[in-house]
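Chain letters run A, B, ... following the sequence lines, proteins first, then strands; residues in each count from 1.
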2 protein chains.
Amino acid sequence: MIPTIRDVAREANVSIATVSRVLNGLTGYSDKTKQKVIKTIEDMGYHPNAIARYLNNRRTQTIGVMFPAVTNEFSSAVLQGIEEYALERGYSVLVCNTAVDGNRTMKYLQVLRERQIDGIIFASEVLKHEYKQMLDTMQVPIVLVSSKNEDPKVPFVKVDDRQASYDAVRYLIDKGHKDIAMIAGTPEDPIAGIPRLQGYKDALYDNGIPFRSSRVAYGDFHYDSGQAAMETLLEQERGVTAVFAASDEMAVGAMNAAMQLGIRVPEDLSVIGYDNIRLSRMIYPALTTVGQPLLQLGRDAVDKVITMIETGKIVPSLIVPHEIVERQTVKDLRT
Amino acid sequence: MIPTIRDVAREANVSIATVSRVLNGLTGYSDKTKQKVIKTIEDMGYHPNAIARYLNNRRTQTIGVMFPAVTNEFSSAVLQGIEEYALERGYSVLVCNTAVDGNRTMKYLQVLRERQIDGIIFASEVLKHEYKQMLDTMQVPIVLVSSKNEDPKVPFVKVDDRQASYDAVRYLIDKGHKDIAMIAGTPEDPIAGIPRLQGYKDALYDNGIPFRSSRVAYGDFHYDSGQAAMETLLEQERGVTAVFAASDEMAVGAMNAAMQLGIRVPEDLSVIGYDNIRLSRMIYPALTTVGQPLLQLGRDAVDKVITMIETGKIVPSLIVPHEIVERQTVKDLRT
DNA sequence: CTGAAAGCGCTTACAG
DNA sequence: CTGAAAGCGCTTACAG
């Protein structure tokens with residue numbers, strides 16, 4: 001049988017209250033008692049039961065993390081950041097793969113509620129009305145990563161998508177490109193769709209380059225859609241020298257489509273992506289892209305949610321810096 | 001305040017025992033009582049506390065999953081399979097990123113023990129003696145995925161690495177290749193290192209091709225090491241027409257190294273990988289590789305661990321089938 | 001410095 | 001069909 005605190009108390013000839021005290025480093029026992037208790041604990045191989053402890057202090061030290069998919073590098077890097085920092089802070093992580101499915105998400109929220117998690121992190125997920133309603137009744141702190149939200153009670157951690165996109169296009173312009181197409185994300189996506197397209201438009205506008213809707217093709221951020229979008233672009237547009245894709249996967253899909261048609265990157269066509277996932281440096285030529293501090297994004301989200309859990313106060317949102325990671329897919333046209 | 005079973009009982013004018021019964025679908029109440037209780041539960045927005053329930057039935061319905069790293073596609077695909085199937089079976093998953101660090105792993109095992117998880121899945125991890133000792137005292141079922149182990153009490157789920165490797169090399173031979181190099185994994189690795197190298201040797205031997213140790217370079221399964229290994233191979237060997245890499249990441253690294261030296265794949269050099277992660281079809285040309293059913297591997301592991309949890313019996317290990325996924329990186333020399 | 005006791009939110013014999 | 005009570009493994013006032 002696995003020993004309980006009661007067994008230790010009996011064996012050490014003290015009360016369970018005393019064992020509990022030395023276990024939790026409280027005061028109120030002689031050094032002699034302490035030594036005796038510690039020795040007994042070791043001898044018996046006793047380990048406290050975190051579940052029983054929870055019943056008293058109402059903290060499970062568990063965070064639920066909702067992901068639309070774990071099988072992409074973006075999510076898994078953020079997850080790693082979350083997981084690492086949570087461990088440092090003494091919290092555990094319950095992963096929930098929503099598969100962008102509302103029912104599944106609701107089911108998970110139900111599970112998280114019953115398991116009495118202390119807080120929730122939503123990664124790359126839009127907080128639907130349906131979720132918020134449920135969340136409201138759960139009375140648990142929520143933080144969004146790489147997503148945003150109007151309600152100040154739900155802080156978020158993300159880069160400035162419009163600005164990052166603006167900077168990417170600006171980078172192409174600085175390299176002498178004027179005929180720039182974009183492979184945008186889902187048109188309705190309020191996080192990575194609309195703002196990134198807006199950044200593209202703004203950068204063109206600020207540099208006196210007219211916007212042409214035929215130079216924009218839409219994908220869903222995944223590989224296949226990037227390939228398809230590139231094909232569409234190639235059919236309807238001539239003279240494009242550079243493409244900005246709203247995700248690295250789409251950028252790589254686009255490169256692939258181009259290369260299959262004998263178009264060389266970057267000699268014939270420059271490409272810049274968005275995310276800086278590992279894939280971007282594993283392909284040939286290595287992809288120039290917009291870098292987001294993915295691990296840090298995860299760590300910051302954990303920090304915020306734990307602060308909310310432990311202080312009960314709302315914390316402010318955070319915009320983390322992005323950067324242009326220069327590699328080999330953008331040709332300098334000015335030379 | 002969040003209502004408890006006691007509040008529901010009071011409101012519905014029944015005992016908590018009765019509420020508990022209808023909650024758990026047991027027998028022993030009239031339909032009228034049932035309706036009254038259900039209505040009260042809904043009106044009050046009551047949700048059972050899974051933690052409190054655990055204290056009675058000793059099941060947390062939680063599985064701990066140990067990963068050497070979540071940031072690679074192999075792990076995240078397996079994790080997805082685990083997570084999906086665990087949800088279906090009513091279990092939650094606690095992710096633990098060991099970072100191949102013994103201390104970290106021990107710390108995690110400690111956490112899992114205190115949290116009273118019902119079972120553990122080790123993914124791609126060798127069960128060190130140190131871990132086993134601790135695990136023994138935990139008295140919890142353990143299953144390995146993509147790893148193996150002599151102890152019958154710890155079943156595993158994996159492909160036959162030697163055979164899969166044999167088949168990959170055999171595939172190259174069937175395409176007319178004779179000068180085949182290998183980028184092997186860590187030499188001491190008993191799972192993915194030794195057996196895959198052995199498969200290579202066996203396939204050469206069975207086809208009358210002499211083995212040359214200078215045609216083997218070693219990596220650590222990751223991208224960079226594949227690149228480095230390819231460079232080594234290219235320096236010390238001439239006449240190689242094909243390379244078999246023990247992981248897709250290394251295969252892609254190798255392709256990259258070759259392409260940077262102007263060597264074309266597959267025209268000048270054929271490459272075959274191992275894993276069939278998404279990356280393998282996102283590069284150009286798309287990588288021919290050995291496919292493992294990653295999601296299924298995860299699901300099978302969950303199935304085994306839950307069976308062990310619920311029946312208390314040991315289950316047999318499982319060898320899952322592999323396949324050669326033909327894409328564009330192997331040239332047929334016979335034509 | 002130490003212990004007896006109540007209580008956290010449930011489940012489960014047991015009795016009626 | 002229903003309820004009172006014990007108990008799961010802890011923590012925490014309270015009393016001494």
Side-chain angles (χ1 to χ4, degrees), chain A residues 1-38 40-41 44-62 90 111-118 138-139, chain B residues 1-38 40-41 44-62 90 111-118 138-139:
Chain A
M1 273 324 301
I2 293 175
T4 70
I5 196 173
R6 175 161 284 112
D7 300 319
V8 175
R10 187 187 331 101
E11 205 70 22
N13 281 315
V14 295
S15 70
I16 60 171
T18 297
V19 178
S20 176
R21 284 186 195 106
V22 346
L23 231 31
N24 292 293
L26 302 177
T27 56
Y29 43 81
S30 68
D31 193 59
K32 202 173 123 218
T33 308
K34 178 178 172 184
Q35 298 312 328
K36 188 173 51 176
V37 170
I38 288 179
T40 313
I41 286 174
M44 303 184 75
Y46 167 77
H47 296 278
N49 180 326
I51 306 286
R53 171 178 295 154
Y54 150 79
L55 228 41
N56 296 284
N57 48 216
R58 319 305 5 243
R59 288 273 165 77
T60 52
Q61 305 271 108
T62 307
V111 170
L112 294 182
R113 152 187 274 156
E114 297 191 357
R115 285 176 179 269
Q116 317 292 127
I117 45 93
D118 296 335
M138 287 174 69
Q139 318 227 50
Chain B
M1 274 323 301
I2 292 174
T4 70
I5 197 173
R6 176 162 281 111
D7 300 319
V8 174
R10 189 187 328 104
E11 206 69 21
N13 282 313
V14 295
S15 70
I16 59 171
T18 297
V19 178
S20 176
R21 285 187 195 106
V22 346
L23 232 30
N24 293 294
L26 302 179
T27 55
Y29 43 81
S30 68
D31 193 57
K32 201 172 125 220
T33 308
K34 178 178 172 183
Q35 298 312 328
K36 187 172 53 175
V37 170
I38 289 180
T40 314
I41 286 175
M44 302 184 76
Y46 167 76
H47 297 278
N49 181 325
I51 306 287
R53 171 179 296 153
Y54 150 78
L55 229 39
N56 297 284
N57 48 216
R58 321 289 27 228
R59 288 273 164 79
T60 52
Q61 305 269 111
T62 307
V111 169
L112 294 181
R113 154 187 272 157
E114 297 192 356
R115 287 176 177 271
Q116 318 291 128
I117 45 94
D118 296 335
M138 288 174 67
Q139 318 226 48

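Closest approach of A:Tyr54 to B:Ile51, counting heavy atoms only: CD2-CG2, 2.9 Å.
Both B:Tyr29 and A:Pro48 lie close to DNA chain D; mapped to their nearest nucleotides by heavy-atom distance, the more 5′-ward contact belongs to B:Tyr29. DNA chain C is contacted by both B:Ile5 and A:Gly28; A:Gly28 maps to the nucleotide lying nearer its 5′ end (nearest heavy atom per residue).
Proximity of B:Ile5 to B:Leu23: side-chain heavy atoms (C-beta onward) are separated by under 4.5 Å at one or more points. Contact annotation: the side chain of B:His47 never approaches that of A:Met138 to less than 4.5 Å [non-hydrogen atoms, C-beta and beyond]. Proximity of B:Val8 to B:Glu11: side-chain heavy atoms (C-beta onward) are nowhere separated by under 4.5 Å.
Picking from D:dC1, D:dA4, D:dC8 the nucleotide with the shortest atom distance to the side chain of B:Thr33 gives D:dC1. Side-chain atoms of A:Asn24 lie closest to D:dT11 of the nucleotides D:dT11, D:dA4, C:dG9. When distances run from any side-chain atom of A:Ser20 to the nucleotides D:dT11, C:dT12, C:dC10, the shortest one goes to D:dT11. Distance from the side chain of B:Ser15 is smallest for D:dG3 among the nucleotides C:dC10, D:dC10, D:dG3. Of all nucleotides listed (D:dC8, D:dC10, C:dA4), D:dC8 comes nearest to the side chain of B:Leu55. Listed nucleotides D:dC10, D:dT2, C:dA4 differ in distance to B:Arg21; the shortest reach to its side chain belongs to D:dT2. Comparing C:dT2, D:dG3, C:dT11 by their closest approach to the side chain of B:Ile16 singles out C:dT11.
B:Asp31 has no carboxylate O lying under 4.0 Å from a charged side-chain N of B:Lys34, or vice versa, which leaves the two without a salt bridge.
Distance, A:Leu23 CG to D:dT12 P: 12 Å, rounded to whole Å. D:dC1 atom C1' lies 12 Å from atom NZ of B:Lys32, rounded to whole Å. With rounding to whole Å, B:Asn13 atom CG is found 13 Å from D:dG3 atom C1'. When the C1' atom of C:dC10 is taken as reference, atom CG of B:Leu26 falls 13 Å away, rounded to whole Å. Separating the CG atom of B:Asn56 from the P atom of D:dC8 is a distance of 9 Å, rounded to the nearest angstrom. The distance between atom CZ of A:Arg115 and atom P of C:dG9, rounded to the nearest whole Å, is 18 Å. Between B:Ile2 atom CD1 and C:dC10 atom P the separation is 11 Å, expressed in whole Å. To the nearest angstrom, C1' of D:dC10 lies 11 Å from CD of B:Gln116.
Contact of B:Asn49 with C:dC10 (side chain to base): no donor-acceptor pair of N or O atoms is detected under 3.5 Å.
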Legend entry - Audit row: B:Arg115, B:Thr62, side chain to side chain contact (heavy atoms under 4.5 Å, CB included) steps and yes/no: CA-CA 9 Å; B:Arg115 287 176 177 271; B:Thr62 307; over 6 Å; no

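The shortest distance between the side-chain N/O atoms of A:Arg53 and the OP1/OP2 oxygens of D:dT11 is below 4.0 Å. Phosphate contact (OP1/OP2 of D:dT11, side-chain N/O of A:Arg58, threshold under 4.0 Å): absent. For the OP1/OP2 pair of C:dT2 and a distance below 4.0 Å, the side-chain nitrogens and oxygens of A:Ser30 include at least one atom meeting the criterion. Distances shorter than 4.0 Å separate none of the side-chain N or O atoms of B:Tyr54 from OP1 or OP2 on D:dC10.
Judged by Watson-Crick or G-U wobble contacts below 3.5 Å, the nucleotide C:dG16 has D:dC1 as its partner.
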